[in-house]
2 protein chains.
Amino acid sequence: MDLRSFLTSFGTSFLIFVVLMFLFTWLSRKPGNEVIYYPNRIIKGMDPSTKTRNPMSWIKEAISSSEDDIISVSGVDTAVYFVFLSTAFTLFVLAGIVLLPTLLPIAATDHSIRLKNSTTISNGTFTEFDKYSMEHIGPGSWRLWAYMIAVYWISLVTYLLLWRAYKHVSEIRATALMSAEPRAEQFAVLVRDIPPSPEGEIKKEEVDSYFRAIYPDTFYKSMIVTDNKEVNKIWKKLEGYRKKLVRAETIYAQSRTIGSPEGIRPTNRIGLLFSNKVDTIEYYNEKINELTPMLETEQKITLRDRQLPAALVFFSSRVAAASAAQSLHARMVDTWIVVDAPEPRQLIWSNLSINYFSRVIRQYVVYTIVAVSIIFFMIPISLISAFSTFENLGMLLPFLKPVIQIISIRTVLEAYLPQLVLIIFLVILPKLLMFLSKAEGIPSESHAMRAASGKYFYFTVLNVFIGVTLGSSLYSSIKSLEGKPKLLSAIVDLLAEKIPYSAIFFLTFVALRFFVGFGLELSRLVPFIMFHINRKFMCKTEAEVKEAWAPGDLGFETRVPGDMLILTITLCYSVIAPLIIPFGAIYFGLGWVVMRNQALKVYVPSCESYGRMWPHIHTRFLSALIFYQVIMLGYFGIKRFFHATFAIVPLLLVSVIFAFVCNKKFYRFFQHTALDVVCNELKETPDIERAYRSFIPPSLNFDKDKLDGDDQNGEDGDHYGQV
Amino acid sequence: MDLRSFLTSFGTSFLIFVVLMFLFTWLSRKPGNEVIYYPNRIIKGMDPSTKTRNPMSWIKEAISSSEDDIISVSGVDTAVYFVFLSTAFTLFVLAGIVLLPTLLPIAATDHSIRLKNSTTISNGTFTEFDKYSMEHIGPGSWRLWAYMIAVYWISLVTYLLLWRAYKHVSEIRATALMSAEPRAEQFAVLVRDIPPSPEGEIKKEEVDSYFRAIYPDTFYKSMIVTDNKEVNKIWKKLEGYRKKLVRAETIYAQSRTIGSPEGIRPTNRIGLLFSNKVDTIEYYNEKINELTPMLETEQKITLRDRQLPAALVFFSSRVAAASAAQSLHARMVDTWIVVDAPEPRQLIWSNLSINYFSRVIRQYVVYTIVAVSIIFFMIPISLISAFSTFENLGMLLPFLKPVIQIISIRTVLEAYLPQLVLIIFLVILPKLLMFLSKAEGIPSESHAMRAASGKYFYFTVLNVFIGVTLGSSLYSSIKSLEGKPKLLSAIVDLLAEKIPYSAIFFLTFVALRFFVGFGLELSRLVPFIMFHINRKFMCKTEAEVKEAWAPGDLGFETRVPGDMLILTITLCYSVIAPLIIPFGAIYFGLGWVVMRNQALKVYVPSCESYGRMWPHIHTRFLSALIFYQVIMLGYFGIKRFFHATFAIVPLLLVSVIFAFVCNKKFYRFFQHTALDVVCNELKETPDIERAYRSFIPPSLNFDKDKLDGDDQNGEDGDHYGQV
């Protein structure tokens, strides 16, 4: 790719960005679109539209919003994400300020390579762009000292920024946890691997007596996890009927208002196409009346007979719960495992009762699957392609056969189908990784999200970055590695050798990501179109409309790995081709502003882990730095600048020590709750009964009135677990 | 070494054993020797001598004693040591029963090697002994299948026994910890890395307010660790004077009783040889009167001004203390580190205030020193030799010069000095390793003992086992390894190749260890002689005599690695030369009986860690097994029996999985106290004030009467920390 095509691509991206910005400014002002551009504010019951009519006012609002605003609107996890964005941004600004004015002239004024061009480098076609890169410096030149100092500068700035960021995030987490308004999950712990109950004792009694013995003063109540599969099925059916009933009533009401005051009662067919029509409202009412007692019976059966060896245990104080979650309870370490309870909304109920060693096995199986699919990325895809050949398609879907017979269509399809399959695979990859992460037996959504995010990171970095760098020569390169004794160092050398050739590609890639990516993000073109189609043709009831504009959460499981890829690319090229630095800085700067707007006005976080994402981000940030240092080590070797080897090996050691120290100083607080954080006085006596009830899954939730009635009758409200 | 010299050596060892046994039977009956052969019983106030006059009665007593007897007399750690001995014994008995009747005939009836002797093996001189070893089987023979099955048998038996042992030890630990008679340390935790106090607050206030906030109901009191160097110095001096005073008074009393009723008042010189003599009793009385107020002042200064950033915190319940020791207290993980308190007697006070990161650094420095000295074992020795050449000796100790000048003495010394230095080094090695382990900043003696034991294990196994196997060819062998790409597998091959040649040497070694080692252990010849010399010439007072026969503890830090070495040797040769198995079985069987006697009647344990030694033993036991499997893998390779490679690699994998599962299932309970173990009811309300006082170091202990007086005055007895 030469400079001209780069500029063309860059220009196109910029144009798209301008168009999308214009669309955003225009659409967001139109009255019907508040639900697309301010859904978070609407859900929170705030005034959706901003006061000023200035098209750039959202930028001012985004920049002027404080961290506390973000925490109160979108939670600690979102605030931590912004710490990550601002850390990356500051890193590239500091890198750019020092590296651009020094390294560019140093590269541009070196003529050593151009002179002996034909002899030293085989296919060295220098473009204008290459003139400013490290590629332009002759092997062994003293000018390489400047590049080595640049590696040091970037590393030191990274250490400093990451240290400050970790400290800051630790403070944010502490502040959130010590909040005087306690959250339900702070009083609960999750107990797994409960050993079989003694003869004649139900699980509930076993758990109660166990915890009451250890915590006579602070134990409040326990909730046994049950197998909810059956009851969930009935409950979902019931909920479906209820929705359909509301929909039918809405249709009926609409039909009444127009001309005929009687209206047309909506009807539907049961079963086959030609069966009798029934009155929809009556039909669903009947169905609901039929299912409601079934649900109640099923609830009772579930609570009594389907108790699983896991429980939620509630304490009357936050310190007791936090301390219990960190303590060993039984001498057999694989029984009575007690951990922090996640928020009620993010509990993955079906995973809670999986036993300890099968969790360990599942974890290793999943790791193996992911590692294998990262390494042999192409294999699953070709497998899918094989299944989707025309012969198979023809067999599976016989009605397609005539179409497939037409030669011209067949040829086109055969050419594009593999690519189509690849694209589909890339789209479903995050979902697949999320599924695999949940299959590990992880108890909470946010944890599964972190696990999926980690897997996605390795996928993108290894496949996109290394894949593109080695390009089509990948397989031949791998073949050339075979039989070499020092495989790892051979890979590093190979990467270092190939890396400069992809600089412009990645420059374009980063630019595309921020112009088109953030342009689409801000303009919300896809949700906008989807919402309007839905509202026009599908939605009838209020609830359905609300569902259509529901903004979703920030999707950290794909967002963070995506940003990490940009970070890794920019870091790795920062010294080799310093021109990439401004692009990296713009990506994270623009990202910060756009996402600030989206976090404040659009997305609604689906869970809160109090910044547990940070150690994960920190580790990958540092891995990117170490990866960069290793690549530089290889590249200096290729440039025959062996002083650097001795200078960069200690730097690698410093990185490892830095990782170790950070881990030792900060990490445990992100695994567990520090007791001095939760020991402060609460605003009011906590309502633990309410905390307890918030954990009851909706399918098992008894009628609210009944519950209250029970309480008024002087019972202890314990009927949930004890039937 | 041929069979004849082996028999000679074996016979000699056996003769020594018989003589030592005879000595033991004879000496232990003589009335004055009870303090040598029954010190533990005497200290415990039990009847020292046994009833029967049967010389073998001690064996009956040892065998009939139960595990509970051992725990009540010698503690949990000793009981755990016996679990180790009996596990090893059972392993070798089970191995012998199966392997000896099968493998010996298989080897003896194979004539393939003898036939092509001259061609296949270069220096194959077969002795009678070799006829029964695996060396005698021809390469690639189908008979090797039997050996492979033998490897499986030994591995499976080891897994089974280790699993049962870990479970059993876990039970012992739990029973000891849940004892209704609580120990002082169960109510205490050790707090380290206390951050600097805020302005105007003393450490004691800081610690009290911190823990009172977190544990409002269970916090009892805190004890700040102080810098006791000065006060210890004075206290030691004072104790020395007191001892000397008692001695002088005893001498005076003895002199009075004989003829002159006045007696002779002992005198001594102060300072130089020709100074005036003074009355000893008066002199020391004076000194004591002089020092006592000094000590009191120093105690006050220490308590007030020398507070260090570490503390012991006491709780009113065992569960609270156990839970606190496992919980994270501060958001900065390297501050307010809370761990289990060890017993008062085993606290290493000077280590308590070392801060977190300097502990980590110390640890790595010590590890590096130990690793380097294991690998370059000979270097420190040659260094010491270099320092102890005659020129240096002459310079350091001028009065030796005339002696050194005599040529004949010089020659003899020059020949033996390096060996002498080596022997001295081997004698001081355990002490050196103990010193290094304490330098890591470990807070308790028993932990330091475990750390030293681990280091000693690697030292002996690597240097004795591998050193002897490779023998004098070690250095040439290492040279031959250079430049080979797969270093590790080359080492394994080399070891496997050399190992059969040392079989007889190790057979002799094991026999020597049990006959002479346990013979000396039981007869206590060295302590016997030392005690009688001491009593004759040195001891005057009752206390001094008591000190002279003090039996000391079992010395696990050298005993366990010693046993481990025998275990590793026997395991590694068990299939190659099955004749070693009975020797291993006798070692552990005899060891069990002899040590049982010693534990019941002789040694007094110096500390109690509630079986924390076990995971340490378990890991090394398993390492020995894995080492053995790797050696067998190499040896089968040399025998060109490649089926075995595929059969033994899965076995190695099973070992690793077994280690992982054991670790996950049992280990954490040996790090921490499980809460359900300590939650049971106590016999009586625990006296926490007494627990608290037991932690006050003797040099800071106020007069007992004064303390009681304070309590009667209605004060809270808190004057220790708050002055």
Side-chain angles (χ1 to χ4, degrees), chain A residues 167 169-175 177-178 210-218 317 319-320 322-338 356-357 360-361 364 484-486 657 660-681, chain B residues 166-167 169-171 173-175 177-178 210-218 317 319-320 322-338 356-357 360-361 364 484-486 657 660-681:
Chain A
K167 220 169 177 173
V169 170
S170 203
E171 282 305 313
I172 298 179
R173 178 173 159 84
T175 313
L177 285 175
M178 64 169 45
Y210 187 84
F211 281 94
R212 194 163 284 132
I214 299 177
Y215 305 98
D217 305 321
T218 49
S317 93
V319 171
S323 162
Q326 301 176 47
S327 296
L328 176 70
H329 282 73
R331 74 194 76 159
M332 289 297 136
V333 183
D334 59 346
T335 57
W336 294 107
I337 292 178
V338 179
Y356 180 73
F357 281 108
V360 171
I361 293 167
Y364 282 101
K484 289 202 180 170
K486 289 175 181 173
I657 291 173
F660 177 81
V661 170
C662 282
N663 194 40
K664 286 287 176 190
K665 190 171 177 74
F666 301 110
Y667 183 50
R668 209 178 147 200
F669 178 49
F670 286 82
Q671 286 182 296
H672 299 300
T673 306
L675 297 188
D676 69 356
V677 162
V678 287
C679 74
N680 63 330
E681 287 294 311
Chain B
Y166 218 143
K167 221 169 176 175
V169 170
S170 203
E171 280 306 312
R173 177 174 161 84
T175 314
L177 285 176
M178 63 170 45
Y210 186 83
F211 280 93
R212 194 162 285 134
I214 298 177
Y215 304 98
D217 305 321
T218 49
S317 94
V319 171
S323 163
Q326 300 176 46
S327 297
L328 175 71
H329 282 74
R331 74 194 75 161
M332 289 297 137
V333 183
D334 60 344
T335 58
W336 295 105
I337 293 178
V338 178
Y356 181 73
F357 281 107
V360 172
I361 293 167
Y364 281 100
K484 290 202 182 173
K486 290 177 182 175
I657 291 172
F660 177 81
V661 171
C662 282
N663 195 40
K664 285 289 177 188
K665 192 174 176 71
F666 301 110
Y667 183 49
R668 207 177 148 202
F669 177 49
F670 286 81
Q671 285 181 298
H672 298 300
T673 305
L675 297 188
D676 70 356
V677 162
V678 288
C679 74
N680 64 332
E681 286 295 309

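Sequence lines set the chain letters: A, B, ... in the order given, protein chains first and strands last, and positions in each chain run from 1. Bear in mind that the values here come from a model prediction, so they are computed numbers and not experimental data.
- Across Ala174(A), Ala213(A), Ala324(A), Ala330(A), the residue that shares the most heavy-atom pairs under 4.5 angstrom with chain B is Ala330(A).
- For chain B, the nearby part of Thr673(A) is the backbone; its heavy atoms alone come within less than 4.5 Å.
- Residues Gln326(A) and Arg668(B) share a closest heavy-atom pair of O-NH2, 3.1 Å.
- Counting heavy atoms of neighbouring residues, nucleotides and ligands inside a 6.0 Å radius, atom OH of Tyr364(B) does not exceed 12 of them.
- If you tally non-hydrogen atom pairs under 4.5 Å between each of Glu171(B), Lys167(B), Gln671(B) and chain A, the highest count goes to Glu171(B).
- In this structure, the side chains of Ser170(A) and Met332(B) come closer than 4.5 Å at one or more pairs of heavy atoms.
- Taking the side-chain contact (heavy atoms from CB on, under 4.5 Å) definition, one finds that Ile657(A) meets it with Leu653(A), Val661(A), sequence neighbours left out.
- Taking 4.5 Å as the limit, every side-chain heavy atom of Lys665(B) sits out of range of all side-chain heavy atoms of Tyr356(A).
- Annotation: the span from Cys679(A) atom SG to Tyr210(B) atom OH amounts to 7.5 Å, rounded to 0.5 Å.
- From Phe670(A), atom CZ reaches atom CG of Leu328(B) across 11.0 Å, with rounding to the nearest 0.5 Å.
- Heavy-atom pairs under 4.5 Å with chain A peak, among Phe357(B), Tyr215(B), Phe211(B), at Phe357(B).
- Contact check for Val333(A) versus Tyr667(B): no side-chain heavy atoms found under the 4.5 Å cut-off.
- Atom CG of Asp217(B) and atom OG of Ser317(A) lie 8.5 Å apart (nearest 0.5 Å).
- Among residues two or more places apart in sequence or in another chain, the salt bridge (charged side-chain N to carboxylate O under 4.0 Å, His left out) test is passed with Asp676(A) by none.
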